[in-house]
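Structure, as structure tokens:
Just so you know, these numbers use all the heavy atoms, side chains as well, and skip hydrogens, waters and symmetry mates. Chain letters run A, B, ... following the sequence lines, proteins first and then strands; every chain starts at 1.
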Number of protein chains: 2
Amino acid sequence: MALKKRNLSATEQILEALEERGYRSTAPRRTLAAAIGVQKRHFTAEGLRRQLPPTLGRATVYRTLKLLVEAGVLCRVMLEDGDLHYQLSHRGHHHHLLCVLCGSSQDLTGCDIEDLLAATSARHGFELSGHWLEVYGHCRDCIQNGRAAA
Amino acid sequence: MALKKRNLSATEQILEALEERGYRSTAPRRTLAAAIGVQKRHFTAEGLRRQLPPTLGRATVYRTLKLLVEAGVLCRVMLEDGDLHYQLSHRGHHHHLLCVLCGSSQDLTGCDIEDLLAATSARHGFELSGHWLEVYGHCRDCIQNGRAAA
DNA sequence: TCACTATTAGATACAAGGTATCAATAACAT
DNA sequence: ATGTTATTGATACCTTGTATCTAATAGTGA
């Protein structure tokens with residue numbers, strides 16, 4: 001559902017999501033929303049913090065990120081080296097194709113992973129409640145530009 | 001391949017894997033192997049450390065765990081809350097069904113996830129190099145014992 | 001058995017990422 | 001304008017993990 005209103009900028013959509021949930025509109029949150037709206041790739045909490053005025057407290061950054069994940073505006077992305085990143089979320093539940101060369105990511109669509117998992121789990125007497133999947137590889141751009149040769 | 005020799009205890013198999021790779025047999029490593037062999041569930045580095053004599057240095061624990069993962073004796077398991085756990089590894093590449101109620105885990109077998117992922121990725125012009133998948137839910141035991149009711 | 005050498009251990013310090021606490025401040029309904 | 005409540009940011013702290021370095025030890029070969 002999140003980020004469906006295409007006429008709004010990412011920054012505006014973040015602020016609106018907070019407002020909808022009854023959170024106050026404060027200067028730190030507006031600063032954060034603007035900074036997140038400007039990101040071209042997934043980012044870490046600390047990386048984002050480094051782009052913000054140092055007067056903006058560390059706790060505020062982490063608190064707000066957590067808030068935005070709960071609000072469905074951001075989603076967490078786990079990189080291969082275990083680093084936790086964030087990025088704007090486009091749909092409720094989905095997975096990412098993460099390019100390990102350029103850091104870009106696309107959503108994984110048209111995939112019946114969920115069904116396959118549920119069926120396979122059931123054969124083990126297992127009742128599925130959730131899962132975590134990240135897919136790493138080389139994106140089309142990197143392949144075409146020869147960056148994937150190595 | 002790891003842990004195929006069914007006549008050896010887990011502890012013995014860990015020690016043998018180290019020996020095969022040319023690592024020395026030392027008292028700390030024997031202590032660690034014994035402690036790991038006794039684990040009934042996946043465990044964290046720090047959790048394991050708390051079960052060891054405090055004279056056994058922190059660096060030694062982490063070094064040895066890394067060694068054992070590289071040797072294929074242990075594998076890493078990511079829990080839903082982001083905690084990194086370890087457990088004995090039974091096959092080269094596989095996934096886990098993790099019970100969020102009792103903490104047990106089983107290997108996910110008979111699953112063509114890899115093929116499905118490769119095919120789906122290819123439709124996005126994406127060349128798959130790796131992936132990370134963890135599946136969370138309720139195991140058969142917990143369902144039968146009513147622990148899953150809530 | 002002894003001595004030699006490379007590996008290993010553990011102490012220590014450090015670093016990154018994240019959380020708890022709490023007094024001071026700012027938002028917003030009235 | 002004011003009072004209540006959410007929010008902030010400073011600070012301290014915690015956890016997990018790594019780097020560094022000296023002392024100890026395993027396993028070689030004599």
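Contact annotation: A:Lys66 side-chain N/O to C:dG18 OP1/OP2 distance is not under 4.0 Å. In this model, the phosphate group of C:dA27 is not approached by any side-chain N or O of A:Thr26 to a distance below 4.0 Å at OP1 or OP2. At the phosphate of D:dT8, OP1 or OP2 sits under 4.0 Å from a side-chain N or O atom of A:Arg29. The phosphate of C:dG10 (OP1 or OP2) has no side-chain N or O of B:Arg49 nearer than 4.0 angstrom.
In this structure, B:Leu65 places its CG atom 12 Å from P of C:dA9, rounding to the nearest Å. Distance CZ (B:Arg30) to P (C:dT8): 13 Å, rounded to an integer number of Å. Counting to the nearest Å, the P atom of C:dG10 and the CZ atom of B:Arg63 are 8 Å from each other. The distance between atom CZ of A:Arg24 and atom P of C:dA26, rounded to the nearest whole Å, is 13 Å. Taking atom OH of B:Tyr62 as the reference point, atom C1' of C:dA13 lies 16 Å away to the nearest angstrom. Here the C1' atom of nucleotide D:dT16 and the CG atom of A:Asp81 are 15 Å apart, to the nearest Å. Following rounding to the nearest Å, A:Leu84 (CG) and C:dA16 (P) show an atom-to-atom distance of 17 Å. Summarising the geometry, the separation between CG on A:Leu56 and C1' on C:dA26 is reported as 14 Å, rounded to the nearest angstrom.
Not a single donor-acceptor pair under 3.5 Å links the side chain of B:His131 to the backbone N or O of A:Leu133. B:Arg147 places no side-chain N or O within donor-acceptor distance of the main-chain N or O of B:His138, the cut-off being under 3.5 Å. The backbone N or O of B:Thr64 lies less than 3.5 Å from no partner atom in the side chain of B:Arg29, so there is not a single donor-acceptor pair. A distance-only check finds a donor-acceptor pair linking the side chain of B:Asp81 to the backbone of B:Asp83 [under 3.5 Å].
Side-chain polar atoms of B:Gln106 and B:His90 form no donor-acceptor pair below 3.5 angstrom.
A:Leu15 and A:Ile36 end up in different hydrophobic clusters when Ile, Leu, Val, Met, Phe, Trp and Tyr side chains are linked at under 4.5 Å.
Across all strands shown, A:Thr44 has no heavy atoms under 4.0 Å from either base or sugar-phosphate atoms.
Within 6.0 Å of CD in B:Gln51 there are more than 12 heavy atoms belonging to other residues, nucleotides or ligands.
With rounding to the nearest 0.5 angstrom, the CG atom of A:Asp107 is 8.0 Å from the NE2 atom of B:His124. With rounding to the nearest 0.5 Å, the separation of CZ in B:Arg21 from CD in B:Glu70 is 7.5 Å.
Across all non-hydrogen atoms, the minimal contact from A:Leu97 to B:Ser121 is CD2-OG, 3.7 Å.
Take the nearest nucleotide of DNA chain D for A:Tyr23 and for A:Pro54: the residue whose nucleotide is more 5' is A:Tyr23. Take the nearest nucleotide of DNA chain C for B:Ala59 and for A:Ala27: the residue whose nucleotide is more 5' is B:Ala59.
For D:dG17, the base has a donor-acceptor partner in the side chain of B:Arg58 [N/O atoms by modelled type, under 3.5 angstrom].
Across D:dG9, D:dT16, C:dG10, the shortest atom-to-atom separation from the side chain of B:Arg50 is found for D:dT16.
Between the two ends of the helix from C:dT1-D:dA30 to C:dT30-D:dA1, each summarised by a five-pair axis, the helix axis turns through 30° (rounded to 10 degrees).
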If you restrict it to nitrogen or oxygen atoms, what contacts under 3.5 Å exist between nucleotides 28-30 of chain D and the protein, and what is each distance?
none

